[in-house]
Amino acid sequence: KKWKKISLLKKLKKRPEMNGINTMENKNFGKIVDDWRCCDMSLQVYDEIGNLKYKIVGGCCQCAMVCKRYETCYEVCYFIYEAKSPEDEKNAVGKIVRQKKTIGKSIFTDADNFEINFPETATPYDKLMIIGATLMLDYMYFEESPSDEDLESKRQRKIPRSEFDR
């Protein structure tokens, strides 16, 4: 077999991203990019021109991130910073919080609740991009993907369409 050589740099350059598009005007109003940091969960929010507008950063050592059992006791916080401001909690202009779950909710559902405190200067498009970033954080860090075995068993299983197919 020939092994494909893919450099680590190429993999790091292809980070997940999300684009905001106004379909009525066929206009791009922003982009969200996972900027990959070794020990932090972070996203960058860009405006329609491509300028960095906000940085969203959360530490990976929060109790609810380290151990899933603690998600009923602890919240997960992400701070929103202006593009050029230092990443310190006192400089945060907004906040995204994944709220702690009740015991019943954690047992019976996989639903998550988020609270967003928008920056005071945020435009409606900025707010849409921050909501998109919240969805992206949810999918990237809190949703579980099915294992390969689960997918293979679903492909092999045939569901009868009628009584005659049995």
Ile80 side chain reached by Pro119 side chain, heavy atoms, under 4.5 Å: yes
Flag side-chain contact, heavy atom, 4.5 Å: Tyr54 against Glu82: yes
Backbone N/O of Gly50 and side chain of Asp47: donor-acceptor pair under 3.5 Å: yes
Asp34 to Ser42 - nearest heavy-atom pair and separation: OD1-O, 3.2 Å
Same apolar cluster: Leu43 and Met18, side chain cutoff 4.5 Å: yes
Side chains of Tyr125 and Asn22, donor plus acceptor under 3.5 Å: yes
Reported CG-to-NZ distance for the pair Asn91 and Lys55, which is rounded to 0.5 angstrom: 9.0 Å
Sub-4.5 Å side-chain heavy-atom contact between Met41 and Val57: no
N-O pairing of Lys27 and Glu48 below 4.0 Å: no
CG (Asn26) with more than 12 external heavy atoms under 6.0 Å: no
Ile56 vs Phe79 side-chain heavy atoms within contact, under 4.5 Å: no
Path from Tyr78 to Ile131 over hydrophobic side-chain contacts below 4.5 Å: yes
Hydrophobic cluster membership, Val45 vs Met140, 4.5 Å side-chain cutoff: yes
Atom pair CD (Glu89) and SG (Cys77), whose distance is rounded to the nearest 0.5 Å: 8.0 Å
Approximate separation, where rounding is to 0.5 Å, of Leu52 CG and Asp35 CG: 9.0 Å
Same cluster (ILVMFWY, side-chain, under 4.5 Å), Val93 and Val97: no
Lys NZ or Arg CZ of Lys31 over Tyr46 ring: under 6.0 Å, within 45°: yes
Straight-line distance of Ile130 CD1 to Asn117 CG, nearest 0.5 Å: 10.5 Å
Atom pair CE (Met136) and CE (Met129), whose distance is rounded to the nearest 0.5 Å: 9.5 Å
Distance-minimising heavy-atom pair for Phe114 and Ile96: CD2-CG2, 4.0 Å
Thr134 and Ile116, any side-chain heavy atoms less than 4.5 Å apart: yes
4.5 Å side-chain heavy-atom contact, Arg98 and Leu137: no
Main-chain N/O of Thr123 paired to Asp126 side chain as donor or acceptor, under 3.5 Å: yes
